Peer 1: 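Sending over a structure as structure tokens; questions will come in a sec.
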Amino acid sequence: MQNSATPTHCPYCALQCGMNLTPVPDGGVEVTERADFPVNRGALCGKGRTAPAVLSSSVRLTSPLVRSAAGTLVPATWDEALDRIAEELLRTRTEHGPDACGVFGGGGLTNEKAYTLGKFARVVLGTSQIDYNGRFCMSSAAAGGIKAFGLDRGLPFPLEDIPKTGCVILVGSNLAETMPPSLRFFTELKENGGTLIVVDPRRTKTADQADLHLMPRPGTDLALALGLLHLVVAEGRVDEAYVAERTAGWEDARAAAMAHWPEYVERITGVPVPQLREAVRMFCEPEAAMVLTARGPEQQSKGTDTVGAWINLCLATGRAGRPLSGYGCLTGQGNGQGGREHGQKADQLPGYRKLDDPAARRHVAEVWGVDPDSLPGPGRSAYELLDALGTDIKSLLLMGSNPVVSAPAAAHIEERIKSLDFLAVCDVVLSETAALADVVLPVTQWAEETGTTTNLEGRVLLRRQAITAPEGVRSDLDVMHELADRLGVEKGFPTDPEEVFEELRRASAGGAADYSGITYRRLAEENGVFWPCPTQDAGEAAHAGTPRLFLDRFATDDGRARFVPVSHRASAEEPDDEYPVLLTTGRVVAQYQSGAQTRRVDELNAAAPGPFVELHPRLAARLGAAEGDPVAVVSRRGRAVAPARITTGIRPDTVFMPFHWPGEGRANTLTNPALDPTSRMPEFKTCAVRLETVKS
């Protein structure tokens, strides 16, 4: 590669911050700011600045590994490793049928990889059993958005609109730590006279910025939103003209909300009635306002209904489909948006088409050159797929995920993975999941490959290759090409990412997430393009993309948004005498997701060296725990131990653990796999636990 700076994007969260990469003599790259990208304007968090550390051969995989007869992983040639995978997948399919082969992807894969992985599962393996870890992140928001608006895109407007609105309710997001460069938009909001309301059971660094901080009991966000809507109705703040002109279903949603009077909601949530009234005043008085949700309200067994309740609040007050207003989801993973649009999700085909839609099957089958009837139907959701490992699913191909750390009831999932007949993992590092595999393939990283991602705004971006991967490392596209060839499909799996993207454009054309008007050239010249961006007829100007959705109509048959009547219900697991405390989980600023990559960076480990249990002083006093003492957190699924971190910034009935670490401090040993009935999202954000002191 040339030694000039290459403009590209960060490998981590869904901001996809712009950065420049310049090769350095040791074979790595230097990160410098890229002020021209509007999402971060040059700002980078510690994870982005230190991302090149994972490019080092001292921390990453550089050779395929195959499990020997002695049970250890040993280096192998690429042909040996690929032959082994193909043989095992073929054996499984022959002996048990195609659905005995599972495929599990990731929200960090580029659009090209996610698209090809879905195609590989359905065309080469013929299996319905494919899903991805994005199911654990944004699926409830996606389901809620589709019910209300007919379309799911994380944000229906660019981040640059946030400072110009009048009020933002930020629900269950600690973006000051999870995506720090985005905090400037909220700082500018306040500088412009707007207000910020933060909903979180902890007083986080984000909550410190709020004009009003509501601290509900974990698992009660649905009741909170319904209580606010009740007050909107009772105080005469409904935008009746907007409701009549642009929505449907208001009367049923109104009746459901009126059953949640303020005092009742205070008893459920712990949020005082005066704070509920103040939140309604702050939200309704400005001309424009927004509600933004993240994993807090979404990672619940009632996450879809909870999102629906917050959307209902926006619709009743006329705060959707209007300039500087709307509901949005702060997508988490780097390509969490694009990853769920193009076919690695159990029920979807490229372009956000539904797998059980005959017209969608015909369109995609024509692009792929196969019979529509040959495509399998919808398969299991992520947790259900993982739970079936070793029973219905005998072999698994896994790319870009580490479920041994990231899945709920992680000890159980670890045992399911160990029970497989065969596991193949493609990864950058030897993650905790890869360490259990029969074959591990070392694959390229962000700086070593070209491809597209779609950030939380729905802005499709071009990541560019800046350096050459080490010898012995290949791309995921190479892997799928070679496996397809070995399994008898010689065509249709190119290794050039731009060639894959050109096919993705055709496959997505006419779908909800239409990329057909987007090209690599446009992405490079225009700093990204917002979908939908359909191809124009010959002679017409190129479609400009769609930064702001729903301004004229919603994506429903009649153009109206839908109110969805919802009511509060308890979490799947409430505290009792045996497990009297609530656990909630989340991230810290210096680590990312399962930590497989960030835990290999010295600077990040110095800032966040390990797990902890955050608890209120009153709870600590009852337990007899001091700062730094080891504390055991026990749920019905297992036990985790970590040092106590005592703070008044958390509810006395709640403890918090970050989920980045394996071993005895693994937070997801404790979490509840209870699923939302619509999104199939597990209930990561609340479960019942008890605390125990640990004798030294």
Side-chain angles (χ1 to χ4, degrees), residues 7-9 14-18 34-41 110-112 115 145 149-165 182 185 246 288 290 320-329 331 335 337-338 340-342 350-353 450-464 497-498 500-556 559 561:
T8 190
H9 297 273
L15 288 179
Q16 287 296 279
C17 291
R34 179 182 162 198
D36 69 310
F37 187 58
V39 170
N40 64 310
R41 308 177 205 160
T110 63
N111 289 317
E112 292 80 0
Y115 170 83
F149 307 131
L151 183 69
D152 158 46
R153 197 179 82 185
L155 293 180
F157 41 73
L159 285 164
E160 65 188 38
D161 284 1
I162 290 173
K164 304 170 189 174
T165 194
S182 70
F185 294 104
R246 299 205 59 188
M290 301 172 179
R322 284 178 166 172
L324 307 180
S325 287
Y327 164 79
C329 160
T331 302
N335 196 32
Q337 181 68 52
R340 67 184 185 265
E341 295 168 1
H342 297 302
Y352 231 142
R353 288 181 160 90
T450 294
T452 62
T453 62
T454 306
N455 80 344
L456 77 172
E457 308 165 297
R459 188 194 305 252
V460 185
L461 304 167
L462 183 63
R463 282 188 191 166
R464 299 169 175 89
E498 187 168 9
V500 175
F501 190 79
E502 288 299 305
E503 182 178 302
L504 183 158
R505 292 176 60 205
R506 299 196 307 276
S508 73
D514 191 334
Y515 283 31
S516 61
I518 303 174
T519 63
Y520 271 29
R521 178 188 59 77
R522 287 192 64 182
L523 294 177
E525 293 176 355
E526 300 175 32
N527 231 345
V529 178
F530 291 85
W531 70 260
C533 182
T535 301
Q536 297 296 286
D537 294 332
E540 294 187 18
H543 192 285
T546 313
R548 296 169 182 85
L549 296 171
F550 312 138
L551 294 180
D552 299 317
R553 68 189 312 274
F554 294 98
T556 56

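Note that the structure is predicted; figures quoted are calculated from it, not measured.
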Peer 1: Are the side chains of R505 and T519 in touch, meaning some heavy atoms are under 4.5 Å apart?
Peer 2: yes
Peer 1: Between atom OH of Y352 and atom CG of L151, what is the distance when rounded to the nearest 0.5 Å?
Peer 2: 8.0 Å
Peer 1: Once you round to the nearest 0.5 Å, how far does CG of L461 lie from CG of N455?
Peer 2: 5.0 Å
Peer 1: Can you give me the closest heavy-atom contact between D514 and P534, atom names plus distance?
Peer 2: OD2-CB, 3.5 Å
Peer 1: Flag the pair L15 / N40 as yes when at least one side-chain heavy-atom distance between them is below 4.5 Å, and no otherwise.
Peer 2: no
Peer 1: Knowing that exactly one of R463, H9, R459 qualifies, which makes a side-chain hydrogen bond (donor to acceptor under 3.5 Å, both in side chains) with Q16?
Peer 2: R463
Peer 1: Nearest 0.5 Å, please: how far is CZ in R353 from NE2 in H342?
Peer 2: 10.5 Å
Peer 1: Could you go through residues 155-164 and list every donor-acceptor pair under 3.5 Å that involves a side-chain atom there, pairing it with any protein atom two or more places apart or in another chain?
Peer 2:
from: D161; atom 1: OD1; to: R548; atom 2: NH2; distance (Å): 2.9
from: D161; atom 1: OD2; to: R548; atom 2: NE; distance (Å): 2.9

Peer 1: Compare every heavy atom of T454 with every heavy atom of Q337, then report the nearest pair and how far apart it is.
Peer 2: CB-O, 3.5 Å
Peer 1: Is the shortest heavy-atom distance from the side chain of S508 to the side chain of Y115 under 4.5 Å?
Peer 2: no
Peer 1: Sub-3.5 Å donor-acceptor pair from the side chain of T453 to the main-chain atoms of N335, do we have one?
Peer 2: no
Peer 1: Could you tell me whether the side chain of R464 and the main chain of T8 form a donor-acceptor pair under 3.5 Å?
Peer 2: no
Peer 1: For residues G18 and F37, report the shortest heavy-atom separation together with the two atoms involved.
Peer 2: N-CD2, 3.3 Å
Peer 1: Quick one: sort the F501 and Y515 rings into parallel, tilted or perpendicular, breaks at 30° and 60°.
Peer 2: tilted
Peer 1: Considering all heavy atoms of both residues, which atom of S325 and which atom of A320 are nearest to each other, and what is their separation?
Peer 2: CB-N, 4.3 Å
Peer 1: How many angstroms lie between CZ in F149 and CG in L549, if you round to the nearest 0.5 Å?
Peer 2: 10.0 Å
Peer 1: Got a second to check how far E525's CD is from L523's CG, nearest 0.5 Å?
Peer 2: 10.0 Å
Peer 1: Rounded to the nearest 0.5 Å, what separation is found between the CH2 atom of W531 and the CZ atom of R153?
Peer 2: 6.5 Å
Peer 1: Counting C-beta onward and ignoring hydrogens, is there a side-chain heavy-atom pair between P38 and N527 closer than 4.5 Å?
Peer 2: yes
Peer 1: Between T556 (side chain) and G150 (backbone), is there a donor-acceptor pair under 3.5 Å?
Peer 2: no
Peer 1: Which atom pair, heavy atoms only, marks the closest approach of E112 to T452?
Peer 2: OE1-N, 2.8 Å
Peer 1: Between C533 and I518, which heavy-atom pair has the shortest distance, and what is it?
Peer 2: CB-CG1, 3.7 Å
